[in-house]
Chemist: 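Pasting a structure here, questions to come.
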Amino acid sequence: MDILLDTTVQIERIFKRSKKEWIQNIISHNNCGSSTFVLGEFKNTIVKDFVTLYNIMQIENDLAGVRDNINDTVFHRSYARVYYIFNDLCKIYKDDYELIKEELRTYPKRLERQFQYGLKSPLFDETCCHRAKARVEFTDSKAEIAEVNCSKKDDFCNSCEFWEKYKAYIEGLENEKNLQDKMKQSLLKIVKDGESLKGNICKNLGDCIISLEAIQTEKKKVCTTNRKDFKPICDYIGVTLCE
């Protein structure tokens with residue numbers, strides 16, 4: 001694997017028309033791959049937001065009702081992602097609401113196929129992220145994806161072992177001034193308070209974990225559209241960002 005694709009790229013190559021060509025060009029001309037950690041983040045974001053949309057569509061009678069419900073009940077980053085999915089479904093099924101509802105249960109598999117599309121290497125799997133294995137479960141009137149949740153008590157993965165193996169690369173990173181505050185706080189909890197990497201700490205350090213995974217690629221390179229957050233980490237540990 002020459003280049004590791006991060007979560008933003010994996011989402012935006014599916015949904016962002018302005019980014020698709022750039023990302024596809026990189027994938028076409030390089031041996032690109034991703035990781036189970038990235039897949040876990042993908043399921044904890046875009047697939048979980050599909051579940052939100054699915055449940056909204058079980059109680060609304062038309063597309064206008066779905067839009068109103070999204071506007072009333074979905075917030076922050078999930079708001080944009082739910083609309084990515086909703087607009088994609090409307091495009092695929094030409095705004096036929098009944099057909100969309102009929103085909104909804106196949107959509108999570110479609111997302112996972114798109115995540116894997118064009119990747120020439122197996123997923124990097126040192127963290128053994130259990131969220132990557134999560135599946136959407138459907139009942140008569142509801143969907144859920146419970147396995148994307150984890151806590152410090154759980155022993156599902158190898159994230160702590162991964163961190164121990166590569167932590168020398170990021171010693172002192174918590175002092176970098178351009179690092180996002182959430183990551184600084186999480187790093188300090190591990191460095192000073194000896195907290196486990198699991199639970200929300202793992203999620204807050206996602207960009208750092210992906211950057212450490214990219215060290216294992218042939219070109220020590222990561223492809224991301226989140227340059228602002230990745231750049232201080234990658235500069236510190238010697239990983240290159242795709243231009």
Chemist: Within the 3.5 Å criterion, strictly below it, is a donor on Tyr54 or Arg105 matched to an acceptor on the partner's side chain?
Modeler: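 Side-chain D/A pair, Tyr54 to Arg105: present.
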Chemist: Using a 3.5 Å distance criterion without hydrogens, assess whether the side chain of Asn71 forms a donor-acceptor pair with backbone atoms of Arg67.
Modeler: yes
Chemist: I need the Asp125 CG to Ser34 OG distance, nearest 0.5 Å.
Modeler: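 Interatomic distance, Asp125 CG to Ser34 OG, rounded to 0.5 Å: 11.5 Å.
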Chemist: Do the charged groups of Arg110 and Glu103 touch, with an N to O distance under 4.0 Å?
Modeler: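 Salt bridge between Arg110 and Glu103, a charged N being under 4.0 Å from a carboxylate O: no.
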Chemist: What side-chain donor-acceptor pairs closer than 3.5 Å can you find for residues 224-231, not counting sequence neighbours?
Modeler:
unit_1	atom_1	unit_2	atom_2	d
Thr224	OG1	Asp6	OD1	3.4
Thr224	OG1	Asp6	OD2	2.9
Thr224	OG1	Thr8	OG1	3.3
Thr224	OG1	Asn226	N	2.8
Thr225	OG1	Thr8	OG1	3.1
Thr225	OG1	Glu12	OE1	3.0
Asn226	ND2	Asp229	OD2	3.3
Lys231	NZ	Asp235	OD2	2.8

Chemist: Angle class for the Phe162/Phe124 ring planes (parallel below 30°, perpendicular above 60°, tilted otherwise)?
Modeler: perpendicular
Chemist: Going by the rule ring-ring contact (aromatic ring centres under 6.0 Å, His included), which residues pair with Tyr93 if we only count those two or more places apart in sequence or in a different chain?
Modeler: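 Applying ring-ring contact (aromatic ring centres under 6.0 Å, His included) to Tyr93 gives none.
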Chemist: Under the 3.5 angstrom rule, does the side chain of Lys120 hit a backbone N or O of Asn30 as a donor-acceptor pair?
Modeler: yes
Chemist: Regarding Gln58 and Ser141, is there a side-chain donor-to-acceptor distance under 3.5 Å anywhere?
Modeler: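 Result is no, nothing qualifies.
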Chemist: May I ask you to decide if Ala134's main-chain N or O and Lys43's side chain share a donor-acceptor pair within less than 3.5 Å?
Modeler: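 Checked: pair present.
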Chemist: Any carboxylate oxygen within less than 4.0 angstrom of a Lys/Arg side-chain nitrogen, looking at Glu126 and Lys165?
Modeler: yes
Chemist: Do Ser78 side-chain atoms and Val74 backbone N/O form a donor-acceptor pair below 3.5 Å?
Modeler: no
Chemist: Could you tell me if Tyr83 and Asp49 have a donor-acceptor pair between their side chains, going purely by distance under 3.5 Å?
Modeler: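 Their side chains do not contain a donor-acceptor pair, so the 3.5 Å distance test is not met.
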Chemist: Return the CG to NZ distance between Leu179 and Lys184, rounded to the nearest 0.5 Å.
Modeler: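 So the CG of Leu179 and the NZ of Lys184 are separated by 6.0 Å.
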Chemist: Whether the side chain of Asn158 engages the backbone of Glu161 through a donor-acceptor N/O pair (distance < 3.5 Å, no angle test) should be reported.
Modeler: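 Side chain of Asn158 to backbone of Glu161: no pair is present.
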Chemist: Will you find, in the side chains of Arg113 and Gln116, an N or O donor that is under 3.5 Å from an N or O acceptor?
Modeler: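 Side chains of Arg113 and Gln116: no pair found under 3.5 Å.
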Chemist: Is any NZ, NE, NH1 or NH2 atom of the basic residue among Asp155 and Lys198 found under 4.0 Å from an Asp or Glu carboxylate oxygen of the other?
Modeler: yes
Chemist: Indicate, with yes or no, if the rings of Tyr236 and Tyr169 have centres closer together than 6.0 Å.
Modeler: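 No, the ring of Tyr236 stays outside the 6.0 Å limit from the ring of Tyr169, centre to centre.
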Chemist: If only atom types and distance count, is the side chain of Arg131 paired as donor or acceptor with the main-chain N or O of Phe42 below 3.5 Å?
Modeler: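 Checking the backbone N and O of Phe42 against the side chain of Arg131, no donor-acceptor pair under 3.5 Å is found.
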Chemist: Donor-acceptor pair, Asp154 side chain versus Cys150 backbone, under 3.5 Å?
Modeler: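 Checked: no pair found.
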Chemist: Mind listing the closest non-hydrogen atom pair of Cys157 and His130 along with its distance?
Modeler: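 Looking at all heavy atoms of both residues, the closest pair is CB-N, 4.2 Å.
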